[in-house]
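Notes follow the structure.
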Amino acid sequence: MELLAPAGNYDAFLGAVNAGADAVYLGGQQFGARAFADNFTQEEIVRALRVAHFYGKKVYLTVNTLLKERETASLGAYLSPFCEAGLDGVIVQDFGVLCYIRDHFPGLPLHVSTQMTVTGARGAAYLKEQGAVRIVPARELSLEEVKKIREEAGVEVECFIHGAMCYCYSGQCLFSSILGSRSGNRGRCAQPCRLPYEIYDGKKRLSGSNYPLSLKDMCTIEYLPALLAAGINSFKIEGRMKRPEYAAGVTAVYRKYIDLYYREGEDGYQVEPEDMDRLRRLYIRSEIQTGYYERHNGREMITLEKPGYERCDETLLAKIRETYLREPEKMPVQMQAVVKAGEPLRLRIGDIEVTGDEVQTAKNAPLSEEEVRKRLCKTGDSLLMVTDCEIDMEGACFIPVRALNELRREAVEKFEAAVAADAVPEKSAINKCVLEQSGGEEQVMGKPAVDVAVSTLEQLRAVLAWGGCRRIYIDSDLFSKSYEEIMETAGAAAEKTTAGAEPVFYLALPYILRERDEVYLRRLTEKLEQTGAFVRGFLVRSLEGLGWVLGVCRGQEESLRQSGAAYEIVPDAGLYCFNSDALRFFRDFSKEITLPYELNAGEAAHLIRAARERGMRATLPVYSRIPMMITANCLKKTAGQCNAKEGEKRQFALKDRLGNTFPVEINCDHCYNIIYNCVPYSLHSAKKERERIAADALRYDFTTEDGAQCAKILEGDFPFKDYTTGHCKRGIQ
C-alpha cells in the first residue's frame, strides 16, 4: 500500500518525503487543478524526481484540468523533460490528454483523476482499455464499490483518506464557472459551496441561512484498518493548496498508523488521542468525518455553521518545520581514488567506478593528497556525504581542477542513478501539434437539426405537438416508470405525422450510475427488449453509463444484427470533449459529440471543424437549465425531510445571499441531487455566435418547464425575462 502525499511547493515535497510518504503528487506551472498553489518550476520537478528516486519514492505529476486547443500544442514539450528525468506517472482529467500521452509517451503510467467521475467497474474497465493503469474513483463511493472496481476492472485504485471534500461529484461542478468564469475544471474554483444558502420546499423555507453545501473535512485515521484490509493500492492525502507543515504533519501521522497496522494487525490498532488532536489542529474545519466509505450521505457530514478553517497552532507548525522541512539526510559513502602519474585517474564510490584523464607529471608544485581529497569530497547539492576518502597516490602528480570536478560529478551521478529505485522511462518522440489556420469566418453547413430532451410526459406531448424534431431524448427514469404512456403518446403522434418526418427516440441515462442502480439497469434492459426498435440510442452522461451501453450493445450484438437495429451512443456535455485530441477518445464509440458548456463560440467552431475532418458530428446545447452540481448528499436530507418514497422526484430550491434561487431536483431513484442554475441558459439572442459555431444539431433540454413553456421556447417566443448565454461569448480562463 502506497501513502501518497500532496506538495504545493518544493518545501512541501521535502516535508512529505521526510515524514514517510511513499509517493508525492505535485503540479507544474501548467495544466494543474490547483492553479493558485505555488506549484513547481521545471527545475524543481526534475530535482524532486532525482531526490525521490534516490530515496525509493515516486513522483506523480498533475495534468488534471481540461485543456484548450491552443494549450495542447505545448503539452509534449512540457512533459518531455520530466519523462526524461523518470516521472512515475501523470494524473489526467482530459480525455484528449489521456489519448495524447498514451500515444506519444507510451512508457508513462496514466492515472485517471477523480475529476473523471469514475463511479463503477464498467467505466474503470473501459478506461483501462484506453491505457489507464490507475483510477482515482469518485470520493462518494462506498468501500465495497471501491473494492469492486479494483477486483472487477483489474486496475489499481487510489483513494482519498484525508483532507477537504467537494460537495459535488468531482468533475461535474459548473457552479464557480457559470457564476464567475472561474472553472473548477481549469483549477480555478472560487468555492461557492462554502457560501451561505437557505433551503426551500416550494415557498416553505426549511432552513435559515447556513452552509448546506460545505462538507466537513475527511479524516479516516480511526477507520484505517478497514481501508487497509480492502486492498486499496494508494492512500491519498488532499492538500496541494495547504502549507508544507500540513503535508508533513498529516503524512507523519498516517505513516505511523499504517506501520502500526502492519506490525500489530487490527487487534493492536489504536489511535492515540494526541495524534487525533494533532490532525484536528492542522487546517481542519471545525469538525471531521470519515467520508462516504460507510454511508451514502447525511446531515452529519455537513459543516452547517462554520465552513472556514481554524487557525493552526503555531507551536505545532514550528515543531513540524524543525523536524521535516529540510533536505533529506544525505547518504554516507566512501570514496577510493587512484592517482598515479602517467595513468588514468580512477574514482570509485561503492560499486561504481569511473575513469578520467591521464594524470600528468607535475613540473613545479605537485598536488598533495589533501588537495585531491578536498576536491573529491566536495559533493555540493548531491544526495551523498563522503565520510571517508582513500587516496592511492604515486609520484609527483598534477591534475587540472576541472578534470577532478568532472570525474567527481560523473561518479556521483552514476552512483545516485544506481541507488534510485525506479528506472527512467524510455524517452519518447514528441510530435508537435500544429493548429490549422482558419481561412476566415466559419461557414454554416446547412440548417442544423433540432433535438430535444424531455423529463416529463407533459414536455413530451408538447414537443411531439410542435413536430420539428430530429430526435427526442427521453429521460430513462421517465421511460422506466411511464413506458406504456410514452408508447401510446408516441404512437398517436406518429399517426398525425407525415411519413419520414417523425422523430427518433433515444434514452437519456442518469447523470450518475452506481452499484445501487444495478436493479434499475436490469429493469431498463427488460423494457428495451419490449420496445424493439423504438429506442434507437442513448445519451450517456457518465463513464459508467457508457460502459453499460457498450455492454448492452455487445451482449445483444446478434439479435441487433438480425433486427437491423443498432444503438447509437451520444456523449453528453458533461463527458467533456474540450479539444481535438479528445475526439480520438470519443470516436471509438460514437459518431458525434456534444459541445461542453465552457467553450466559447470560437473554441466550439474550431472543435467542430476538427470533428468533421474525422467524420464526426457535433451538437450545440441552445437551451437548458445548466446542471451546476450533481451531488450524492441530499439537501432534503440535510433539512431533515428525508421521507420521500423510493423513486419520487421533488423540486426543492437553494436561495443564496443575493436572493437568487437555484432549482434543485431531488432524485430518489438514484439518490442524487441536481442543482440547476438560477436562470435558464439560452442562445436565442446569440444568432451571430450560433452561426459561427455552425453545429450539426441544436439541442433543447427541458427540466423544470411545463408544456406551454416548452412550446414557446421551440417556437422562438422566449417565455422568461432573465436568462444567460453562458460562456458562448465570454469563455473561461
Side-chain angles (χ1 to χ4, degrees), residues 1-27 34 36-40 44-45 47-48 51-52 54-60 62 160-165 216-224 234-263 269-290 308-331 381 383:
M1 197 287 308
E2 172 186 272
L3 178 58
L4 177 59
N9 57 32
Y10 193 76
D11 283 342
F13 163 78
L14 292 176
V17 168
N18 289 322
D22 299 304
V24 177
Y25 66 103
L26 51 83
R34 294 293 182 268
F36 302 119
D38 291 345
N39 292 317
F40 287 65
E44 286 174 330
I45 294 176
R47 168 72 179 179
V51 171
F54 186 80
Y55 293 100
K57 316 289 186 179
K58 294 183 178 181
V59 173
Y60 307 133
T62 58
F160 285 93
I161 59 167
H162 192 93
M165 297 279 286
K216 298 174 184 175
D217 281 10
M218 175 194 283
C219 177
T220 65
I221 194 72
E222 294 181 314
Y223 186 55
L224 216 54
S234 181
F235 284 178
K236 188 171 193 173
I237 298 167
E238 182 276 336
R240 283 198 294 126
M241 288 288 288
K242 298 188 177 82
R243 292 168 62 172
E245 294 87 345
Y246 168 88
V250 173
T251 299
V253 174
Y254 278 90
R255 177 80 277 158
K256 173 182 177 180
Y257 287 97
I258 290 170
D259 293 345
L260 174 65
Y261 175 85
Y262 283 124
R263 282 198 317 272
Y269 189 91
Q270 185 173 354
V271 179
E272 297 173 9
E274 54 266 32
D275 287 323
M276 181 59 75
D277 179 63
R278 187 178 190 178
L279 290 176
R280 289 180 185 275
R281 289 187 290 153
L282 280 169
Y283 304 96
I284 290 289
R285 289 183 173 85
S286 56
E287 297 178 81
I288 57 176
Q289 45 98 7
T290 58
Y309 283 108
E310 298 286 347
R311 187 172 180 175
C312 288
D313 185 330
E314 288 300 325
T315 302
L316 174 60
L317 296 182
K319 184 176 181 180
I320 292 173
R321 282 194 293 270
E322 180 182 353
T323 307
Y324 300 113
L325 300 191
R326 52 172 174 74
E327 289 283 351
E329 296 291 340
K330 294 192 174 187
M331 175 182 285
D381 68 346
L383 305 173

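Here the structure is a predicted model, which is why all the values come from computation and not from measurement.
Between Leu325 atom CG and Arg243 atom CZ the span is 10.0 Å, to the nearest 0.5 Å. The structure places CG of Leu260 at 10.0 Å from CG of Asp275, a figure rounded to the nearest 0.5 Å. Taking OH of Tyr269 as the start and CD of Glu222 as the end, the distance is 8.0 Å to the nearest 0.5 Å. Rounded to the nearest 0.5 Å, atoms CG (Asn9) and CD (Glu44) are 7.5 Å apart. Taken to the nearest 0.5 Å, the CD1 atom of Ile288 stands 12.5 Å off from the CE atom of Met165.
For the pair Leu224 and Phe235, the minimum side-chain heavy-atom distance is below 4.5 Å. Ile320 has its side chain within reach of Leu282: a pair of non-hydrogen atoms, C-beta onward, lies under 4.5 Å apart. For the pair Val51 and Tyr10, the minimum side-chain heavy-atom distance is below 4.5 Å. Residues Asn39 and Arg240 are in side-chain contact: their nearest non-hydrogen atoms beyond the backbone lie under 4.5 Å apart.
For Lys319, the NZ atom counts as loosely surrounded, since its 6.0 Å shell holds 12 or fewer non-hydrogen atoms of other residues, nucleotides or ligands. Atom CD of Glu274 sits in a crowded spot, with more than 12 heavy atoms from other residues, nucleotides or ligands closer than 6.0 Å. Counting heavy atoms of neighbouring residues, nucleotides and ligands inside a 6.0 Å radius, atom CD of Glu314 exceeds 12 of them.
Panel note: side chain Asn18, backbone Arg326; a donor-acceptor pair is recorded below 3.5 Å. Proximity of a side-chain donor or acceptor of Glu238 to a complementary backbone N or O of Ala164 within less than 3.5 Å is detected. A donor-acceptor distance shorter than 3.5 angstrom exists from the side chain of Tyr25 to the backbone of Ile237, with no hydrogens or angles considered. Side-chain N or O atoms of Asp22 include one that pairs as donor or acceptor with a backbone N or O of Leu3 at under 3.5 Å. Using modelled atom types, no side-chain atom of Lys57 and backbone atom of Val24 make a donor-acceptor pair closer than 3.5 Å. In this structure, Tyr254 contributes its side chain and Thr220 its backbone to a donor-acceptor pair below 3.5 Å.
The two residues Ala7 and Phe13 come nearest to each other via the heavy atoms CB-N, 3.6 Å. In this structure, Tyr262 and Met1 approach most closely via the heavy-atom pair OH-CB, 3.3 Å. Residue Ala48 comes nearest to Val59 through the heavy atom pair O-CG2, 4.1 Å, listed as atom of the first residue, atom of the second, then distance.
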Please lay out, stage by stage, how Met331 and Leu383 fare under the test side-chain contact (heavy atoms from CB on, under 4.5 Å).
CA-CA 6 Å; Met331 175 182 285; Leu383 305 173; over 6 Å; no
From CA spacing to verdict: salt bridge (Lys or Arg N to Asp or Glu O under 4.0 Å), Arg281, Asp277
CA-CA 6 Å; Arg281 289 187 290 153; Asp277 179 63; 3.0 Å; yes
Set out, in order, the CA-CA distance, both residues' side-chain angles and the distance that settles salt bridge (Lys or Arg N to Asp or Glu O under 4.0 Å) for Arg278 and Glu272, then state yes or no.
CA-CA 10 Å; Arg278 187 178 190 178; Glu272 297 173 9; over 6 Å; no
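A side-chain contact (heavy atoms from CB on, under 4.5 Å) with Ile221 is found for exactly one of His162, Lys256, Met276, namely Met276.
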